[in-house]
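Along the sequence shown, residues carry numbers from 1. As the structure lists them, so they are numbered: ligands from 1, and atoms in each ligand from 1. Given the structure is predicted, the values throughout are model-derived calculations rather than measurements.
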Amino acid sequence: MNEILVLYYSRYGSTAEMAQCIARGVETVPNCQARIRTVPPVSTVCEATHDDIPAEGPPYATLNDLQECSGLALGSPTRFGNMAAPLKYFIDSSSSLWLSGALIGKPAGVFTSTSSLHGGQETTLLSMMLPLLHHGMLLLGLPYSEGELLTTESGGTPYGPSHTAGSDSKRPLSHEEKQLCSALGKRIAETCTALGAS
Ligand SMILES: Cc1cc2nc3c(=O)[nH]c(=O)nc-3n(C[C@H](O)[C@H](O)[C@H](O)COP(=O)(O)O)c2cc1C
């Protein structure tokens with residue numbers, strides 16, 4: 001069984017909804033299963049710690065989740081054209097995996113949600129790829145054979161799925177956005193299978 005880690009941070013729920021669509025795409029591929037994980041918010045008070053188990057939603061990720069996965073889908077809301085601090089904070093804790101080369105050769109993709117259509121989806125997606133490249137992961141985007149890339153009037157990019165959540169961050173995922181999320185999950189899972197990951 002290939003386990004694909006779907007790891008995200010979400011404050012208002014849009015990136016969380018994208019993660020669910022990606023997980024469904026993963027699980028369309030035989031012998032592939034999604035492991036959904038999130039990260040806690042970071043605090044302005046350094047000493048403050050969060051409960052180990054969130055009140056609701058998926059568990060918080062540990063480095064073991066990264067170590068054990070065959071592939072990774074990494075998602076974040078856009079914050080000033082970049083990924084959100086809680087996700088960056090978790091990634092910054094992964095030096096031991098970098099030193100051991102634990103993620104080298106594993107397929108990965110990225111996804112994001114913004115408020116506005118031109119609010120930095122592509123910059124966020126590209127910046128999320130940087131630490132994954134340092135880890136030696138194999139980055140996957142979305143090919144234009146996914147027809148929704150050409151028909152979408154909201155999110156969806158060749159760098160990865162995206163969502164335009166609106167100024168109140170409440171707009172639901174469009175049909176095209178959902179399809180592209182599912183396509184990324186399926187593509188990561190199929191690549192893990194083709195690589196013979198266990
Ligand atoms: C500090 C901060 C910075 C943000 N920066 C951007 C931005 O650069 N572009 C944009 O379109 N939306 C921006 N937003 C809006 C979020 O991207 C939007 O609320 C997000 O898509 C919601 O995702 P979520 O429901 O998963 O939390 C920002 C929000 C916050 C709180």
query: Considering residues at least two apart in sequence or located in another chain, which fulfil the side chain to side chain donor-acceptor pair (under 3.5 Å) criterion with Thr157?
result: none

- prompt: Do you know the tightest heavy-atom contact between Ile4 and Cys192?
  reply: CD1-SG, 3.5 Å

task: Can you tell me which residues line ligand 1 if we count any heavy atom under 4.0 angstrom from one of its atoms, in chain and number order?
output: Ser10, Arg11, Tyr12, Gly13, Ser14, Thr15, Pro77, Thr78, Arg79, Phe80, Gly81, Ser113, Thr114, Ser115, Ser116, Gly119, Ser169

query: Sequence neighbours excluded, which residues qualify as side-chain contact (heavy atoms from CB on, under 4.5 Å) partners of Thr152?
result: Ser154, Glu176

task: Measure across Ile188 and Leu72 and return the closest heavy-atom pair with its distance rounded to 0.1 Å.
output: CD1-O, 3.5 Å

Got a list of side-chain donor-acceptor pairs under 3.5 Å for residues 12-22, not counting sequence neighbours?
none

Arg35 with Glu68: basic N within carboxylate O range, under 4.0 Å: yes

